[in-house]
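A short worksheet on the structure shown next.
To find a chain, count down the sequence lines: A is the first, B the second, and so on, and within it residues start at 1. Computed from a predicted structure; not experimentally measured.
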Amino acid sequence: MKREEILELVKQYYAEQFQAKAFEPGKTMIPFAGRIFDDEELTTLVDASLDFWLTTGRYAEEFEAKFATYMQQRACMLVNSGSSANLIALATLTSPLLKSKRLKPGDEVLGVAAGFPTTVNPIIQHGLVPVFVDVELDTFNVKVDAIENAISDKTKAIMLAHTLGNPFDLDAVKAIADKYGLYLIEDCCDAVGSTYNGKMVGTFGDMATTSFYPAHHITMGEGGSVLTSNPLLKRIATSMRDWGRDCYCDPGCDNTCGRRFKGQFGDLPQGYDHKYVYSHIGYNLKVTDMQAAVGVAQLKKLPMFVEMRKANFKKLYAGLEQYQEYLILPKATPKSDPSWFGFPFNVRENGKFTRTQLAEFLEKNKILTRQLFAGNMTRQPAFKDVNYRVSGSLQNTDYIMHNTIFIGVYPGIDDLRMDYILSVFAEFFNNLH
Amino acid sequence: MGTISKATVLSIKEHGSQIREYIFRLEKNHYFEAGSFLQLTLEQKEDYTRWPDSRNFSIASAFSEAGTIKLIIEKVGVYTTRIFNELRVGSVCTVKYAFGDFLLPFFDKSAPICCIAGGTGIAPILSFCEQLQREHQTNRLHVYYSFKNEAEQQGIEILKSMVPPGQLYLFCTRQAIPNLPNRRIEWNDILNSKLDLKQSHFYICGGESFTSYFRNNLNTAGAENVYTDEW
């Protein structure tokens, strides 16, 4: 049987098995996120599996090159999740190859406590100290005027997410990073396609990370990437991802450097096989070519996905604007054009209803909601025995923990669903009177 | 990951009987850093099954949007002889690129960059020159380059046009050429440059004894930023 015949059958299978079901208001679930795909994802996935190369191969090469171009970066390294991407990005900054610029245990990394834990966890996992500053209630991003007060002589880096796709104030944060000689890692896991001052997020810092979990802008099931335009950081990140090895052979390749048995490394014997020389305490966080194959098909749709997210955000904003007496609506950071991950808002503390009551009403009506991930991270059980520092008050972070929810803007929300979502909000607020 | 691409020979320039400069056009043109190297195989290769017999070559040009790359290839063995015999203008081979640690300093944008090259070891230095010219930083360049004879030298016109006056040092080892020292580069030549050994970045590219000679001297003298590319 020819490969083309198999792939044609896969297309037929898609047409039979993945037909869109009619939307039934109040019965059909409207998730906050979801994968959007067609027969191309299925065929590239099967195509990659028929190669049976399994580890990273032609599809990974294609994805890394094209995604780096899309993100306006020189290098993209695929990893198996956005959390792994954050882990690799932070680990990269601890490399001895960075000499005096290396992060060492006890050094501090500035961030925020309102967000997803794996933006912060790598800091702790490497013996560094996270320092938390407060956030703004409408952008959900770091209060930039609180950053400088948080800087100590141990501060070496800033690691921040563009919350739910909304870029943080990159002019201000970059200026502070430059002024104090700090690394800047941009967690773009929720912000693929967002721009600031006309440039892609992720291009302002030393390194950027993305996620391709199904909830994100594009998916490959599990997956993520580390992006950088710094060749040294690229080299280190690749080593960290690939067991910490010094060798840079791609999977299935030997002796790329042509000097496999000629080098002198550490205290190893002269000529020790370069394939088994380790210059870092690394991980193995690679993806398979099947994952990358799905990513290649998704990447073609990404510009359309981004536009649909922006359009859905605008529709929601227009529809909810009338309830600002009760809701603090999200505000795009000045100079930014967010590719929103979701539509976050705060329920103003009022005598009529709570966030939980609104969330329960939405969920009862099949509109799924999420809180802003870990809320105030420092109040999570996992942080009980963690060495961290808080600079100033986390008043807004606490407010967000109590009052923020977000709903979806993902491309699966069409006009029918959007109208229904807004009608449910209308019903909720009408019931208040 | 490395990019596997067809590479079509656009031109060939002879530098004596043993060295040729090849210009290729890449079918897949992805960004690479100056100083990188690639693998070249004469086989037509598109998939990710086992990579066939190949040879490594430093890329002698910086990244170009036009998708062209320059290689300087010396005929030293069976495979490079095959390359000389089989690659003509219009021929198509396969390359996998780009790899390597022989890269310009990224964090430091001001300290001098001292390149010491022997023979075809000038290849990555030429890519450095192109890159630094684009970044308007050729004033940082100091280049020491030795070659056997006039026919085998490569890129001297490029070097003369890019390296500031008084910072390009040429040596011809086997031919007397007016105004050029007829000898190898010596350690004292580097010392005489009065470069700050702690701050400057030293790039050495050449044969094994050439690179180890300068690396050892630089390390002993306390140089902190020494990079070698040895083939």
Legend entry - Aromatic A:Y248 / basic A:R235 pairing, under 6.0 angstrom, 45° off normal: no
Inset, instruction - Look only at the side chain of A:D107 and the backbone of A:K156, and say whether a donor-acceptor pair between them is shorter than 3.5 Å. - result: no
Legend entry - Close approach to chain B in residues 68-75 of chain A, criterion heavy atom under 4.5 Å: A:R74
Inset, instruction - Can you sort out the partners of B:R82 under side-chain contact (heavy atoms from CB on, under 4.5 Å), two or more places apart, ordered by chain and number? - result: B:L42, B:Y79, B:E86
Inset, instruction - Say whether, by atom type as modelled, one donor and one acceptor occur between the side chain of A:D206 and the main chain of A:L184 under 3.5 angstrom. - result: yes
Legend entry - A:S239 (side chain) donor-acceptor with A:R245 (main chain) under 3.5 angstrom: yes
Legend entry - Interface moiety of B:L38 toward chain A, non-hydrogen atoms closer than 4.5 Å: neither
Legend entry - Test item: side-chain donor near acceptor, A:H126 and A:T94, under 3.5 Å: no
Legend entry - Residue-level interface, residues 91-106 of chain B with chain A, non-hydrogen cut-off under 4.5 Å: B:K96, B:F99, B:G100, B:D101, B:L103, B:F106
Legend entry - Distance-only donor-acceptor check, side chains A:T288 and A:Q291, under 3.5 Å: yes
Inset, instruction - Report yes or no: does A:K286 contribute a side-chain atom to a donor-acceptor pair with the main-chain N or O of A:R241 at less than 3.5 Å? - result: no
Inset, instruction - Answer yes if the side chains of B:S193 and B:H142 hold a donor-acceptor pair under 3.5 Å, and no otherwise. - result: no
Inset, instruction - Could you check which of A:D254, A:L232, A:N230, A:N255 has the highest count of heavy-atom pairs closer than 4.5 Å to chain B? - result: A:N230
Legend entry - Toward chain A, the part of B:F63 with a non-hydrogen atom under 4.5 Å: neither
Legend entry - Non-neighbouring partners of B:E186 that pass salt bridge (Lys or Arg N to Asp or Glu O under 4.0 Å), sequence neighbours left out: none
